[in-house]
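Notes follow once the structure below has been shown.
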Amino acid sequence: MISNEMARRINAQINREIYSAYFYLALAAQAESMNLKGTGAWFVAKHGEELSHAMKMYRYLIDQDASVRLTEVAAPPTEGGNLFQMFERTLAHEREVTSAINDMVDHALSEKDHATSIFLQWFVTEQIEEEATVKDILGRLRLFGDQGQALLMIDNELAAIAAQMARGTTGTQAATNG
Ligand code: OFO
């Protein structure tokens with residue numbers, strides 16, 4: 001059993017995870033509209049991962065006899081921009097999620113809710129991996145640019161990683177080393 005406040009926070013995070021899925025689906029559509037099929041596949045894979053994160057939290061609430069309360073999901077931004085800007089937005093978004101997860105851990109610890117604190121450790125680690133992956137991609141875009149051959153190379157790499165993610169042979173890690 002967890003506290004009502006802890007359950008409220010986990011429910012809010014379910015909403016953030018579903019919003020993240022939506023956020024990535026919008027970026028996938030944008031990438032596809034730019035003919036970046038590999039990038040589109042990568043964002044679609046991210047969309048699936050975020051839904052799976054929401055489901056982990058859903059299952060945890062049920063296992064803890066707490067209520068799942070689904071709320072309205074905001075529309076994602078429709079800003080457009082080039083590939084570099086898309087990944088900058090991705091990093092900013094993931095940093096916000098990391099901060100929200102850290103706040104939840106702080107709260108769990110303040111309640112001495114060890115079960116929830118341990119449950120959330122998976123998300124803490126996942127966020128480190130996700131931020132590192134996006135920073136790698138941005139680093140390569142900075143190095144090689146996001147035009148011409150370099151764009152094609154990055155798009156192909158993202159396609160390969162998306163295929164691995166679909167097979168479940170990698171997380172979001174190693175986005176740029178195949
Ligand atoms: Fe849910 O993993 Fe990042 O946002």
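One-based numbering, in listed order, for ligands and for the atoms of each.
The OE1 atom of E17, atom 1 (Fe) of ligand 1 and the ND1 atom of H53 define an angle of 100° (nearest 10 degrees).
Closest to atom 3 (Fe) of ligand 1 among the N, O or S atoms of E130 is OE1.
Polar contact check, E50 against ligand 1: a nitrogen or oxygen pair lies under 3.5 Å apart. For ligand 1, one of its N or O atoms has an N or O atom of E94 under 3.5 Å away.
When all heavy atoms are compared, the tightest approach of W42 to V134 is CH2-CG2, 4.2 Å. Closest approach of S20 and V97 over heavy atoms only: OG-CG2, 4.0 Å.
Remark: side-chain polar atoms of Q30 are paired, donor with acceptor, to backbone N or O of G81 under 3.5 angstrom. In this structure, N11 contributes its side chain and R69 its backbone to a donor-acceptor pair below 3.5 Å.
Counting the atoms of ligand 1 from 1 in the order shown, those under 4.0 Å from a heavy atom of S20 are 4 (O). Near V97, the atoms of ligand 1 lying under 4.0 angstrom from a non-hydrogen atom of the residue are 4 (O).
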task: May I have the step-by-step check of side chain to side chain donor-acceptor pair (under 3.5 Å) for Q13 and R16, ending in yes or no?
output: CA-CA 5 Å; Q13 188 60 28; R16 274 187 217 104; 2.4 Å; yes
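Under 4.0 angstrom from ligand 1, the non-hydrogen atoms of Q127 all belong to its side chain.
Side-chain contact of E49 with H53: a donor-acceptor pair under 3.5 Å is absent, judged by distance alone.
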